[in-house]
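These numbers were taken from a predicted model, which means no experiment stands behind them. Throughout, protein chains are lettered first and strands after them, A, B, ... in sequence-line order, and every chain is numbered starting at 1.
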Amino acid sequence: MTWKTDLPVMLPVTKPEPEPFLGLKAWHILPVALFAILGPSLGFAQTEDGGQNPLVVLMNWAPLLLQGFVFNLVISVSAMALGTVVGALLGLGQISLIPVVRGGSWFVTQFFRNAPWLVLLFFAMFLLPFEISILGLKIPFPDWLKAILGLSLPVMANVSEIVRGAVRSLPSGQWEAAESLAYTRMQTLWLIILPQCVKRMLPPWMNLYSILTMATVLASIVGVSEVMTLTGQALASEGGRPELLAPFYGFVLLLFFIYCYPIARFTVRLEKKFAVIG
Amino acid sequence: MSWNTSDPMVSLKDVHKSFGDLKVLNGVSLDVMKGDVICIIGPSGSGKSTLIRCINALNDIQQGSILVEGQEVNDPKLNKLELRKKVGMVFQQYNLFPHKTALQNVMMAPVRVLKQDKDAAEKSARALIKKVRLEGKEDAYPGELSGGQQQRVAIARSLAMQPDVILFDEVTAALDPETVGEVLQTIKDLAEDGMTCILVTHEMAFAREVADHIYFTDRGVIVEHGPPDTFFKNAQDPRTKEFLSQIL
């Protein structure tokens, strides 16, 4: 149906597509990454140098790199779980009626929210002991566990803000209605306020998870054997051939993209859905 | 603390309330007997809503006394939960819980707050939904109901707590004109059943028909009050006269 009129009527509003950068859309990274991987090997065929085709080299290393990537995912899921649990408590602390709890939670949240992730990671790495002894029992405290703890700190602070923001975003009428029905504050929170907050919190929470997943490569700087560390080691053991750089890092890019992009798309869909229902 | 049904159920004496520097109530006194229906009318910003919100302690007051069945509300040691079990409230914006169905909205507080048996609570909730003429809408979510229907669910939700008095805060002000009537009819049914009702309203014809007593407030004081017939026909104070001439 076409809409043509000179009368001042309301036309159906169609939301314009977001202006793409240089005509590129997010999924265009796929061919770019593939080109990065395949390009050098195509070029390689024309050279007369000895070594193996870069693509073949990459395929040899791929299982190990994938293993490293899975480790990144383990770190991201663990840090997210830990950060979410502690962050949710902290967020509830921020809306507490007890001034000390509220102030303390606010301070901790703001402190960790405004700290660079890498610095927090270094703190966790170098301040935590390599083992803890409880009742004479020595429990090792490996680097990857410290990385999880270090990354869960900014997650915690961000989750705290997501919870506080969601609770604040509900109309005050919901609190008043619950109050006038003689619900206790705890009942109001658990039965009425928080259930309504979950869907408001889900999109920013998933967004945070994407960011965290991509930030897990920071753990390579502190020596955890995740995908970036292994990529570096693989490249080194191949003698640091420059034509391998693009395929290897292109491969890592691709892994993160394939994992994170669907999450981003799903988040956008959730946001749109909840924007309508409200 | 003894209270007889011959004493006022709700009694306000010289109530003062301010928000910061803004004085909203400047010494309000009124008595509501059991079974009374009273309407509070007056220009916007005259403190009507604040006045009834003080009765169930949603707002605190700075000075004066509010007795509900002999219980002092202006008391730091007040058990607000016990007070609110006796005093129901219906809001202008309905404030139903959007994640719960109509039935759940009505039966949740009796189960969770009054610790009623779930089956018994559901049975009475269904009866209440029928009473407000919403049979068949039990499983609808608030978002699926019209404003008038939502407001009637809100009335049923308040009734489910078996309060002794219900406060109505401009409950038809946010409604489409065609749904105002159904909500007013529901309140009228309640009044005829003998429920004690305190209403803040702009519906003059309704106030005249249903109220036992009308209070006119302006700038935080009660300017004039009386039974509807006297009040609407023989208003004495110039402020009341001016207000009525603009409204009627």
*Asks:* Of the backbone (N, CA, C, O) and the side chain (C-beta and beyond), which part of B/V87 lies under 4.5 Å from a heavy atom of chain A, both, or neither?
*Replies:* backbone
*Asks:* Heavy-atom pairs under 4.5 Å with chain A - which of B/L83, B/L96, B/N56 has more of them than the others?
*Replies:* B/L96
*Asks:* So which of B/M89, B/M108, B/K85 has the biggest tally of heavy-atom pairs under 4.5 Å with chain A?
*Replies:* B/M108
*Asks:* Of the backbone (N, CA, C, O) and the side chain (C-beta and beyond), which part of B/L167 lies under 4.5 Å from a heavy atom of chain A, both, or neither?
*Replies:* neither
*Asks:* Tell me whether the count of non-hydrogen atoms from other residues, nucleotides or ligands lying under 6.0 Å of CZ in A/R102 goes above 12.
*Replies:*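 Above 12, so yes.
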*Asks:* For B/K80, does the NZ atom sit with more than 12 other heavy atoms under 6.0 Å from it, leaving out its own atoms?
*Replies:*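 Not buried by this count: 12 neighbours or fewer within 6.0 Å.
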*Asks:* Checking B/H99 side chain against A/L191 main chain: does a donor-acceptor pair fall under 3.5 Å?
*Replies:*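 Yes, because the side chain of B/H99 sits within donor-acceptor range (under 3.5 Å) of the backbone of A/L191.
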*Asks:* Can you tell which of B/M161, B/R112, B/E82 has the highest number of heavy-atom pairs within less than 4.5 Å of chain A?
*Replies:* B/R112
*Asks:* Taking CZ in A/F122 as the centre, count heavy atoms belonging to other residues, nucleotides or ligands within less than 6.0 Å. Is the count above 12?
*Replies:*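 Yes - once you tally the heavy atoms of other residues, nucleotides and ligands closer than 6.0 Å, there are more than 12.
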*Asks:* Does atom CH2 (A/W106) have a neighbourhood of more than 12 heavy atoms from anything else shown, all under 6.0 Å?
*Replies:* no
*Asks:* Quick one: what part of B/K100 sits under 4.5 Å from any heavy atom of chain A, side chain, backbone, both or neither?
*Replies:* side chain
*Asks:* Of the non-hydrogen atoms in A/L181 and B/S158, which two are nearest, and what is the gap between them?
*Replies:*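 Looking at all heavy atoms of both residues, the shortest contact is CD2-CA, 4.5 Å.
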*Asks:* Just by distance, do the side chain of A/Y183 and the backbone of B/A109 share a donor-acceptor pair under 3.5 Å?
*Replies:* yes
*Asks:* Taking atom CZ as the centre, does A/R265 end up with more than 12 heavy-atom neighbours from other residues, nucleotides or ligands that are less than 6.0 angstrom away?
*Replies:* no
*Asks:* B/N95 side chain to A/G173 main-chain N or O, any donor-acceptor pair under 3.5 Å?
*Replies:* yes
*Asks:* So do B/L81 and A/T184 actually touch side chain to side chain, heavy atoms under 4.5 Å?
*Replies:* yes
*Asks:* Start with the C-alpha gap between A/I193 and B/F97, add the side-chain angles, then the distance that decides, and say whether side-chain contact (heavy atoms from CB on, under 4.5 Å) holds.
*Replies:* CA-CA 9 Å; A/I193 303 298; B/F97 306 132; over 6 Å; no
*Asks:* Would B/R53 and A/E176 pass as an ion pair if we require N to O under 4.0 Å?
*Replies:*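 Counted as a salt bridge, because a side-chain N and a carboxylate O are separated by less than 4.0 Å.
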*Asks:* Give, as side chain, backbone, both or neither, the part of A/Q187 having an atom under 4.5 angstrom from any heavy atom of chain B.
*Replies:*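 The side chain, not the backbone.
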*Asks:* Might you confirm whether atom CZ of A/F266 has over 12 heavy atoms from other residues, nucleotides or ligands at distances under 6.0 Å?
*Replies:* no
*Asks:* Can you establish whether the number of heavy atoms outside B/K34 located under 6.0 Å from its atom NZ is more than 12?
*Replies:*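 No, not enclosed.
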